[in-house]
Amino acid sequence: MAWMPIVGESIFRFDASDVAWKNAAPCMSLVDPKLREDRVDASNFERKSPVFLPQFEMDGRQQVAVLLLPLNTTFYGTGEVGGSLERTGKRIYTWNTDAWGYNQSTTSLYQSHPWVFCVLATGESFGVLADTTLRCEIDLRKEATIRIAAAAPYPLITFGPYPNPEALIVAFAQATGTIQLPPKWALGYQQCRWSYETAEKVSKIAHTFRETNIPCDVVWMDIDYMDGFKCFTFDKEVFPDPNGLSNELHNIGFKGIWMLDPGIKVEEGYEAYDTGSAEDVWIQSANGKPYAGECWPGPVSFPDFTNEKTRKWWSKLVKKFVANGVDGIWNDMNEPAVFKTVSKTMPETNIHRGDEEVGGVQPHSYYHNVYGMFQAKATYEGMLLANKDKRPFVLTRAGFVGAQRFAATWTGDNLATWEHLGMSIPMALNLGLSGQPFSGPDIGGFAGDATPKLFVRWMGIGSMMPFARGHSEKGTIDQEPWSFGPEVENLCRFALNRRYRFLPHFYTLFYQAHLKGLPVMTPLFFADPSDLSLRKRDDAFLLGPILVSVSLTPKNRKENLEGVLPKGIWQRFHFGDDNPELPLLFLKGGAIVPTGPVIQHVGEAKLTDTITLLVALNTEGKAEGMLYEDDGDSFGFKHGKYLLTHYEAQQFKEDGDEVVVRVVHSEGQWTRPNRKLHVRLLLGSTTEVEGECKDGEELRIKLPSKVEINELVQSNRKINIAEREKSQNLLDVVFEEHDSIKGVGAVLLPIDLQAGNVTVKVVPWIGGRIISMIHKPSGYEWLEGRFESGCYEEYSGNEFRSAGCTEEYKVVKRDMQALDGQEFVSLEGDIGGGLILARDVLVAKNNPDIVSINSRIEARSVGAGSGGFSRLVRLRVHPLMKLVNPLDSVIKFTDINGDHHELRATMEFGEHTYEGTYRPNGEWRLDDTETGLAIINRFDLNQVALCLISWGPGSVTLELWSEERPVSKETPITITHEYEFIDTNV
């Protein structure tokens with residue numbers, strides 16, 4: 001093993017050997033690739049040698065690096081990941097994937113960050129970066145153990161230990177880069193839908209925000225503005241005058257953000273395709289010809305953004321596009337996503353002709369994870385080309401370590417469920433701990449219909465996150481803030497008014513993120529890294545010294561208004577908007593936070609607006625904070641054109657208790673505006689005293705006596721609890737008055753079956769489907785799909801999605817947490833004609849890795865005129881299995897004749913049918929050869945007449961079909977089968 005100090009204090013590069021060091025691929029993670037190659041002089045560093053040393057070994061062609069850390073170390077980071085905040089017990093794969101409808105166990109999402117953020121039991125922090133763009137396995141399933149595996153060779157870069165989490169993320173940002181300071185309008189609320197299909201609709205949405213006095217800064221245009229989904233074009237019928245629309249939006253304080261996907265339609269006469277072909281910018285197939293994949297417009301070519309020539313070509317197109325009044329650009333589908341392929345992307349054998357400094361000519365497998373980052377870079381540079389004095393705004397779906405230098409991001413195509421609301425917080429937190437501070441979820445959920453309660457809860461939380469955008473897909477109900485009735489509209493207005501009051505604070509946090517790399521939004525343990533009880537908390541987060549405490553389930557109420565807070569002083573406050581459906585807000589003792597007035601958009605703000613400081617004193621009677629200001633849109637701040645004000649407050653007792661608030665230091669060339677400074681001094685339980693002066697002057701606030709303060713605090717606490725209870729009761733009535741929207745947004749929750757090593761989720765109200773089968777030891781989710789389609793479903797005929805998969809099922813028996821260690825649910829759905837489709841699902845401790853299912857079509861009330869027999873029916877079991885590594889997946893079975901079969905996934909879709917003696921002899925299995933995981937499906941051969949394999953995008957079905965015949969009460973159709981989960985690594 002070889003190691004050397006690089007970049008700065010306590011940062012070390014490790015290689016498996018000197019040969020591995022020489023053969024390592026170029027660096028694409030760090031802000032300057034040379035940082036990884038240059039040894040730094042560590043003689044003046046406090047730590048001259050590493051504390052933790054990795055162990056390297058080879059496993060075939062893969063290099064495995066293992067780091068053993070002290071017990072009680074907790075893990076975070078790993079970029080964009082579903083599930084819990086703390087990552088111990090998880091395993092992920094860095095492979096950018098179009099992961100629509102992902103869940104807590106999805107192992108590859110849209111972005112790749114081979115980075116682990118560790119907090120030791122002492123509160124010290126330590127980080128590990130695998131500096132490879134290739135598919136990488138990050139295995140955190142063993143306590144305090146990091147195992148990383150990827151194709152050899154690659155360096156490992158460690159950071160720390162540092163005294164606290166802030167120091168670690170600052171060191172990481174020093175190496176990988178920080179975000180550009182965004183335009184201030186990008187911190188406002190943003191409204192999006194796939195799609196606002198006409199310019200008229202866009203205009204109506206924008207004007208409705210203004211008419212309802214709900215703050216909003218941005219409206220988004222999805223792919224339907226294009227002519228036939230061709231990038232850089234406009235549909236002349238529905239968006240005839242994009243410049244005119246942009247001007248209209250600008251006149252009422254809106255910005256417009258427009259989508260640009262990477263795929264360019266293969267069509268002669270289309271400018272983008274013709275110029276791209278002339279300049280030879282396309283990714284090539286292995287045969288050297290331009291690769292054409294399928295996406296929204298049909299056949300598309302993909303620009304090779306790893307090449308500077310291509311990026312310049314794209315930037316010129318962006319410059320021309322921006323001239324239509326475009327304020328920001330949204331890069332979607334840039335994993336890159338390709339339709340009608342099992343892998344959901346292009347062949348790994350495709351050829352990129354990258355710049356020499358990043359690797360030169362390489363297969364797609366080498367550049368796949370950085371493709372989206374390079375597109376975002378080209379888009380950012382194109383917007384700068386359009387206006388060098390204006391800060392660009394780019395949003396990217398795909399990314400890699402360092403992508404924060406070019407674009408913000410969001411957490412992809414989530415679902416309108418309480419589960420996804422709960423995941424919103426840890427996903428954004430872990431992105432922040434991975435270097436990307438500008439992120440947030442689709443508020444309300446992208447797929448499916450939100451209920452009023454879910455939507456307002458999500459708006460309350462989402463409005464306090466770095467990136468705040470509502471977004472929903474085609475076929476769902478409207479999900480604008482006014483779409484759920486006046487009560488929800490009013491609460492959404494409260495929530496967004498909060499965000500706009502906090503804009504001075506948010507902007508200051510973003511300035512710190514740009515300057516130092518600090519996340520805008522941090523986990524609760526940042527308040528006290530040594531407190532182990534905070535390490536897994538994802539029901540609260542910090543915005544600097546502000547603590548946001550949330551409720552993530554439909555029935556959970558904050559009866560204890562103080563919550564479970566970190567140690568120290570935390571003063572609760574609000575803006576006259578206290579409501580049980582909105583988060584609780586606390587300010588840390590010792591902090592000062594600037595706020596502003598309610599405005600409808602950032603352009604309404606004036607430098608002369610009153611600044612209101614929230615002040616909470618610490619035990620020493622002191623507090624401090626800062627406010628950053630500039631013009632909000634230009635690069636003048638880089639040349640000193642800004643004002644950074646440091647405020648302090650201190651309690652004095654010479655002439656009776658009073659608190660003095662003053663400016664102690666200012667930075668920047670700006671002159672302090674002539675404005676009022678209003679101070680809210682928080683004393684406890686929303687009790688406060690106030691004062692006002694000219695900003696820059698000293699303010700003295702007289703304090704009540706301790707006895708008076710205690711009486712006020714106790715009185716306000718009782719009033720607060722009573723008022724919130726009253727509000728909750730009124731809202732419960734309101735939410736009940738709305739019909740429950742069946743589907744992903746309903747308050748109805750799945751039935752959980754848990755026993756042994758298996759967790760199963762069943763949704764009775766849509767086809768009785770099984771939406772999740774997780775093998776807990778591996779953390780692997782075997783089902784692909786969502787509530788209303790995919791996953792495990794059953795049909796009653798030959799046709800795909802025939803009767804049985806969408807009807808509402810009723811639970812006829814449910815045995816949970818039984819003494820014998822098994823959990824069981826029995827469901828029935830009426831499929832018409834006197835027939836029901838019944839299903840029993842069982843998990844049991846004595847078979848810890850098995851899910852057993854008994855499925856039946858039964859006749860209950862078939863008419864006498866039919867002789868007691870039903871129509872022709874066939875039971876068709878349709879499980880949609882997830883393929884994490886599609887091209888490393890294989891189906892194996894031995895048929896009735898004794899012949900062995902192995903079917904490997906290819907790029908193309910395909911079906912294979914087995915009947916008669918070619919059927920599997922009672923079982924078949926699906927193996928993921930990369931992870932060593934497998935699932936065996938066993939069935940009664942006498943009940944199965946046909947077996948069908950169908951490869952799809954990132955998935956495969958292993959279907960069991962019964963014979964086709966009528967049924968009577970005495971002759972049901974039955975298929976009894978089971979799934980066993982195997983981990984060959986154990």
Practice item. Could you pull out all residues at least two apart from Tyr162 that satisfy ring-ring contact (aromatic ring centres under 6.0 Å, His included)? Key: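 Testing Tyr162 for ring-ring contact (aromatic ring centres under 6.0 Å, His included), a comparison that skips the adjacent residues, returns none.
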
**Study point:** Contacts of Tyr979 that satisfy ring-ring contact (aromatic ring centres under 6.0 Å, His included) - sequence neighbours left out
**Key:**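 Per chain and number, Tyr979 pairs via ring-ring contact (aromatic ring centres under 6.0 Å, His included) with His977.
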
Check your understanding: Relative to each other, are the rings of Tyr102 and His420 parallel, tilted or perpendicular (30° and 60° limits)?
Key ->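 Tilted.
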
Check your understanding: Hey, what's the ring geometry for Trp115 with Phe172, parallel, tilted or perpendicular (30° and 60° as the breaks)?
Key ->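 Plane angle under 30°, so parallel.
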
Any carboxylate oxygen within less than 4.0 angstrom of a Lys/Arg side-chain nitrogen, looking at [X] and [Y]?
X	Y	result
Glu930	Arg135	yes
Arg91	Glu137	yes
Asp131	Arg36	yes
Lys776	Glu781	no

**Study point:** NZ/Lys536: more than 12 non-hydrogen atoms of other groups inside 6.0 Å
**Key:**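 12 or below, so no.
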
Check your understanding: Should Asp528 and Ser530 be marked as a side-chain hydrogen bond (donor to acceptor under 3.5 Å, both in side chains) after you check the CA-CA gap, both sets of side-chain angles, and the distance that decides it?
Key -> CA-CA 6 Å; Asp528 186 356; Ser530 63; 2.8 Å; yes

Exercise for review: Mind jotting down which residue pairs meet the salt bridge (Lys or Arg N to Asp or Glu O under 4.0 Å) criterion with at least one end in residues 73-82? Sequence neighbours excluded, please.
Suggested key: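 Pairs touching residues 73-82 that pass the test: none.
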
Practice item. Among Leu880, Ile771, Asn103, Ile770, find the residue that satisfies the side-chain contact (heavy atoms from CB on, under 4.5 Å) test when tested with Leu783. Key: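 The option that passes is Ile770.
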
Exercise for review: For a side-chain contact (heavy atoms from CB on, under 4.5 Å) with Phe75, tell me which candidate from Val119, Asn430, Val116, Val128 qualifies.
Suggested key: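 Answer after filtering Val119, Asn430, Val116, Val128: Val116.
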
Review point. Would the His368 and Trp95 ring centres measure less than 6.0 Å apart?
Key: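 So the answer is yes for these two rings.
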
Check your understanding: Can the ring centres of Phe981 and Tyr780 be said to be less than 6.0 Å apart?
Key ->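 Ring centroids of Phe981 and Tyr780 are no less than 6.0 Å from each other.
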
Review point. Are any non-hydrogen side-chain atoms of Ile949 and Ile891 less than 4.5 angstrom apart?
Key: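 Answer yes - side chains close enough.
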
